[in-house]
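Below is one structure; the comments refer to it alone.
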Amino acid sequence: MISNEKKIELAQWLIDPDKKQTLPHDLAALEEKLVASGVSKVYKDIELPLVEILDSMHETGIKVDLDYLTKLSREMEKEIGELVKKIYKQAGGEFNLNSPKQLSEVLFDRLKISSEGIRSTKTGLRSTDIETLELLKSHHPIIEPILRYREIFKIKSTYIEPLRELADKKSRVHTSFIQTGTATGRLSSQNPNMQNIPIMGELGKKVRRAFVADKGYNLASFDYSQIELRVLATVSKDSIMIKAFNNDLDIHKLTASKVYKVPLEKVTPEMRSAAKTLNFGISYGMGPQAFSKTSGISLGEAKKFIQEYFADFAAVKKWQQETIEKARAFGYVENLNGRRRWLPNINWPNRRFAAEAERIAINMPIQGLAADIIKLAMIWVADLLKKKGWWEKRARMLLTIHDELLFEIDDDILKEAMPLIKKEMESAYKLSVPLKVDSAAGKTWEDV
DNA sequence: CGCATACGCGCC
DNA sequence: AAACGGCGCGTTTGCG
């Protein structure tokens, strides 16, 4: 059963996912508006069926190893103490390390580290973010322990401690997936946010090791390979990109070969890495400035590569232009399923705001369709598991992380369940290119 | 004192 | 910090 309140919330959100409009608090009136907005299919076929699935996932939760988290917490506490001592000594006194204001005063005033070329924040503080501190590493030995302190404190305060507090008597944490929390159609997650659990680096691994399967169970993860690029290939109808996915080519390598104008065999890891940044950035409307910053290549090269990219994938450029034009004409964009997002700023004379709306316009149909696909996959997989009699028992759906689903599966059915779930996800939606799902199972999230 | 904002940072 | 889209959250700081 879905409450009227819930239905109203969903309907209002589908009609205006940015939640800027004042809409009727009346289901009958809203249902008319759903039809008029072209989102009743999304409402009935995706969002409503998803409600009980998300409820079940919330109820189930994911198990954490509390003894291990306590051990981690102590280890980190100890290293934080040592770092703080070292930092205070070098600074010649105590201060609040968590205060960017105080830290900037210590670095640039007391220790007289040159602030030449250092960015200012919105309120005029000299920035102390990672990127800035990295630049200062060679100027003073205090920087390195500060960077390490930041890293550990972040992990401990944002993940380790909240997880320990949020775990129930069975050591399980129950995130809430918010169905109306984003403007693109994605889900969000809170208390705790399970969609930003660290994965990179030594500490990321340590955190993931804290998420474990019940005794006799396994954690099993299934993630869509390059789902947003496959969606882009489909909506843009770009023949090169479609061919690449149909032949299961390495898309980043192919892009590198194109923009660097070298044969596939001559693509270096660095070239592939820059091309990967470009492939992702294109869907966000990334410009030369951001591309050169994030990939480490010069501004001139960045400009050249973006130009070259759009010359090679001409249909992508064309689709982006057409999408922006439609957005200007209608005041909204929509994805292939009719999911809609209003863009009141798209025709503003202020270029800064109009350009921001343009980037949203070209991103939402991509991100929003990828979101629909994984939601449909959740619905189909839930059906499959129910038919098998496994739902909430021998195969439990735990998490959704944008392009990934995480399950907890009984040892006895693991071998049978893995390919079934994978198949179900790969057939969740018909694109112009195959959907590809990578899967893995293990006893902790790190193993997966 | 609670609340909003700034800053910084984790993920897809 | 953002001419790179989408989130949530811990800590500090300023305001009422």
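All values below come from the heavy atoms of this structure, side chains included, with hydrogens, waters and symmetry mates left out. Per chain, numbering begins at 1; letters A, B, ... match sequence-line order.
Separation of the C1' atoms belonging to C:dG6 and B:dC3 is 26 Å when rounded to the nearest angstrom. B:dG8 and C:dA2: their P atoms are spaced 11 Å apart (whole Å). Taking atom C1' in both C:dG5 and B:dT5, one finds a spacing of 23 Å when rounded to whole Å. Between B:dC11 and C:dA3, the distance separating the two C1' atoms is 23 Å to the nearest Å. Nucleotides B:dC9 and C:dA1, compared at atom P, are 10 Å apart to the nearest Å.
Between A:Arg341 atom CZ and C:dC7 atom C1' the separation is 12 Å, expressed in whole Å. Spacing between atom CD of A:Glu228 and atom P of B:dC11 amounts to 17 Å, rounded to whole angstrom units. One can place CG of A:Asn96 at 12 Å from P of C:dG14, the figure rounded to the nearest angstrom. Between A:Leu103 atom CG and B:dA6 atom C1' the separation is 15 Å, expressed in whole Å. Computed from coordinates, the A:Ile362 CD1 to C:dG6 P distance equals 11 Å when rounded to whole Å. Whole-Å rounding puts the A:Tyr159 OH to C:dC9 P distance at 10 Å. Between the CD1 atom of A:Ile152 and the P atom of C:dG10 there is a distance of 19 Å, given to the nearest Å.
Nucleotide C:dT12: unpaired (no Watson-Crick or G-U wobble partner with both distances less than 3.5 Å). Remark: C:dC7 base-pairs with B:dG10. Criterion, Watson-Crick or G-U wobble with two distances under 3.5 Å.
Nucleic acid contact for A:Lys154: base, since at least one base atom lies under 4.0 Å from a heavy atom of the residue. Residue A:Ser120 is classed as a sugar-phosphate contact, given heavy-atom separations below 4.0 Å to backbone atoms only. Among the atoms of the strands shown, only primed sugar atoms or phosphate atoms (P, OP1, OP2) are found under 4.0 Å from some heavy atom of A:Arg359. The residue A:Gly285 sits close only to the backbone: its heavy atoms come under 4.0 Å of sugar-phosphate atoms, none of a base. Backbone-only contact: A:Gln102 has heavy atoms under 4.0 Å from sugar-phosphate atoms and none from a base. A:Gln190 comes within 4.0 angstrom of the backbone, heavy atoms only, and of no base. A:Ala371 comes within 4.0 angstrom of no nucleic acid atom, judged by non-hydrogen atoms across all strands.
Nearest to the side-chain atoms of A:Asp403 among the listed nucleotides B:dC12, C:dC4, C:dG14 stands B:dC12. Closest to the A:Ser188 side chain, of the nucleotides C:dG8, C:dA1, C:dG10, is C:dG8. Among B:dG8, C:dT11, B:dC12, the nucleotide with an atom closest to any side-chain atom of A:Phe153 is C:dT11. Among the nucleotides C:dT12, C:dC9, C:dA1, the one closest to the side chain of A:Ser99 is C:dT12.
Look at A:Glu144 and A:Lys86 and you find no salt bridge, because none of the NZ, NE, NH1 or NH2 atoms lies under 4.0 Å from a carboxylate O. The pair A:Lys156-A:Glu75 fails the salt-bridge criterion, with no side-chain N (NZ, NE, NH1 or NH2) lying under 4.0 Å from an Asp/Glu carboxylate O.
With hydrogens and angles left out, the side-chain atoms of A:Gln195 and A:Ser188 include no donor and acceptor closer than 3.5 Å.
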| task | Please assess A:Asn98 against A:Tyr149 for the test side chain to side chain donor-acceptor pair (under 3.5 Å), listing each intermediate value before the final yes or no. | result | CA-CA 10 Å; A:Asn98 297 321; A:Tyr149 169 87; 2.9 Å; yes
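Of the possible donor and acceptor atoms, one in the side chain of A:Trp13 sits under 3.5 Å from a partner among the backbone N and O of A:Thr182.
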